[in-house]
Amino acid sequence: MPDLSFELPVSQPFRFQRCLEYMTRSPLECLYEVDGDKVIRLIRAEGAAESALLEISCPDDRALRVRFLQGAPQSDAELSRIQSYIRDWFDLERDLAPWQRLAEAGPVLGPLARSMYGLRLIGIPDLFEALCWAIAGQQVNLAFAYKLKRRLTEAYGEAADREGRTYRRFPDPAALAGADPGELQALQLTKTKAAAIREVAALMQRGELSRAALLALGDFDAAERELVRVRGIGPWTAHYVRMRCLRDPRAFPIGDAGLHNAVKAQLGLDRKPTPQELQSLFAGWAGWEAYATFYLWHSLYELKTAALGKDNR
DNA sequence: TACCAGGTAACGT
DNA sequence: ACGTTACATGGT
């Protein structure tokens, strides 16, 4: 196969390694492989007949280099959709300079914004994957959420092998719309989560719910109202999807337990912050709530790895 | 055993 | 429109 590749430019601030650090936060991740300075992922462009295995690297922090390891786009439209997917995944279109200035200026996020310089809000461009990930993650710790995602993916997703490794794609709605509820519960999803995932799958399969349609509403609050109509999707899940899939910079899952823990740690509180405290804290980052949340989430992970490093010494 | 985890629905007032 | 409560399930 000819060496098919393309580049996607990105403006500063951008540090590919920082993004990879975020992406390796869980050894249980099953939808991509981070190998040193590159990521490998199986992707299917919307409407494409076959999936493509892509390798993404970034030698100079100025442009992502994307190489097709398997499969090739069958048309310009297909190539363009793959490019959009990757721009979306790494939030390449965003001008991060205003965020960097804003965050660095304050006492709470200043140190974080400097140590995480160039970290982009890693997205989940596929709406079905984003919703299922959020639903799986409701009220459970992250490790267990990853296990649920892995079981769903291994049971219902497509796989491709290369050089002795297996790469998987999150299941399509069609695969889960008809899934047996008992079978989903056997994966340790609760009844509520199983039902919510089946409902989302059915809606998407019937074309009654799509990322394009949500974005076409032109208003993230309207998109949220659509999402919340589905039983099993509440405000947290809706904001999570606004943040990581719809790319709403103002998404703000204010009830999130991890966010509470992160704010508690950053402010040195002996208790979790109240909603009022969160509101007034985030008022300082108006317009960038999603990035503030993302950086705070990641600060928790850095705290944990720092603690582990100390134990291992 | 109790409590928590990147919540939600149902039901009170 | 709000505040409370029941619920579900693995991890620590």
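Proteins come first, then strands; the chains are lettered A, B, ... in the order of their sequence lines, and each starts at number 1. Every value quoted in this text rests on a predicted model; they were computed, and no experiment measured them.
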Next item on the list: Decide whether A/S51 and A/R169 meet the rule of one side-chain donor and one side-chain acceptor closer than 3.5 Å.
Entry: yes
Notebook entry, point to check: Of the candidate nucleotides B/dG7, C/dG11, C/dA8, which contains the atom at the shortest distance from the side chain of A/N141?
Noted result: C/dG11
Checklist line | Closest to the A/F144 side chain, choosing from C/dG10, B/dT8, B/dG7 | finding: C/dG10
Item checked: Neighbour count >12 (heavy atoms, 6.0 Å) for atom CD, A/E46 -> no
Item checked: Euclidean distance, atom CG of residue A/L148 to atom C1' of C/dG10 [Å, nearest integer] -> 9 Å
Note to self: In whole Å, I'd like the distance from the CD1 atom of A/I197 to the P atom of B/dT8.
What the structure shows: 13 Å
Notebook entry, point to check: Counting any heavy atom closer than 4.0 Å, what does A/I233 reach on the DNA or RNA strands: base, sugar-phosphate only, or nothing?
Noted result: sugar-phosphate
Next item on the list: Measure the CG-CG distance between A/D219 and A/D248 for me, rounded to the nearest 0.5 Å.
Entry: 9.5 Å
Checklist line | Separation between CZ of A/R250 and NE2 of A/H239, rounded to the nearest 0.5 Å | finding: 11.0 Å
Checklist line | Rounded distance (Å) that lies between atom P of C/dG10 and atom CG of A/L189 | finding: 11 Å
Notebook entry, point to check: What interatomic distance, in whole Å, is found between C1' of B/dA5 and the corresponding atom of C/dG3?
Noted result: 22 Å
Next item on the list: Specify the separation, in whole Å, of atom CH2 of A/W133 and atom P of B/dA5.
Entry: 16 Å
Next item on the list: Give a yes/no on whether any side-chain N or O of A/K193 is located under 4.0 angstrom from OP1 or OP2 of C/dC7.
Entry: no
Margin query: Which nucleotide wins on minimum distance to the side chain of A/K147, given the candidates B/dA9, B/dT8, C/dG11?
Written below: C/dG11
Check: Given C/dG10, B/dA5, B/dG7, which nucleotide is nearest the side-chain atoms of A/D256?
Finding: B/dG7
Margin query: Which nucleotide wins on minimum distance to the side chain of A/N261, given the candidates C/dG10, B/dA5, B/dG7?
Written below: B/dA5
Next item on the list: Look at the side-chain heavy atoms of Ile, Leu, Val, Met, Phe, Trp and Tyr, link any pair under 4.5 Å apart, and say whether A/V228 and A/I197 land in one connected group.
Entry: no
Check: Contact class for A/L259 vs. all strands (heavy atom < 4.0 Å): base, sugar-phosphate, or nothing?
Finding: nothing
Item checked: Distance test, side-chain N/O of A/Q139 to OP1/OP2 of B/dA5, below 4.0 Å -> no
Notebook entry, point to check: Counting just side-chain N and O atoms, does A/Q138 come under 4.0 Å of either OP1 or OP2 of B/dG7?
Noted result: no
Note to self: Heavy-atom nearest nucleotide on DNA chain B for A/G232 versus A/Y146: which residue maps closer to 5'?
What the structure shows: A/Y146
Check: Between atom CD of A/Q100 and atom OH of A/Y291, what is the distance when rounded to the nearest 0.5 Å?
Finding: 10.5 Å
Notebook entry, point to check: Just how far, in rounded Å, is C1' of B/dT8 from CZ of A/R229?
Noted result: 18 Å
Next item on the list: Give A/P235 one of three labels, base, sugar-phosphate or nothing, depending on what nucleic acid heavy atoms sit under 4.0 Å from its own.
Entry: sugar-phosphate
Next item on the list: Give the rounded distance in Å between these two atoms: CG of A/L227 and P of B/dA9.
Entry: 12 Å
Next item on the list: Pick base, sugar-phosphate or nothing for A/V228, based on heavy-atom distances below 4.0 Å to the nucleic acid.
Entry: nothing
Item checked: Euclidean distance, atom CG of residue A/L187 to atom C1' of C/dG10 [Å, nearest integer] -> 14 Å
Note to self: Using the side-chain heavy atoms of A/R231, tell me which of these nucleotides is nearest: B/dA9, B/dT8, C/dT9.
What the structure shows: B/dA9
Next item on the list: Can you tell me the pairing partner of B/dA9 across any strand shown, Watson-Crick or G-U wobble, with both distances under 3.5 angstrom?
Entry: C/dT5
Item checked: Nearest to side-chain heavy atoms of A/T237, which nucleotide of B/dA5, C/dT9, B/dT8 -> B/dT8
Notebook entry, point to check: What integer distance in Å separates A/W236:CH2 from B/dA9:P?
Noted result: 13 Å
Margin query: Closest-nucleotide mapping onto DNA chain B: is A/T192 or A/G137 further toward the 5' terminus? I mean the 5' end.
Written below: A/G137
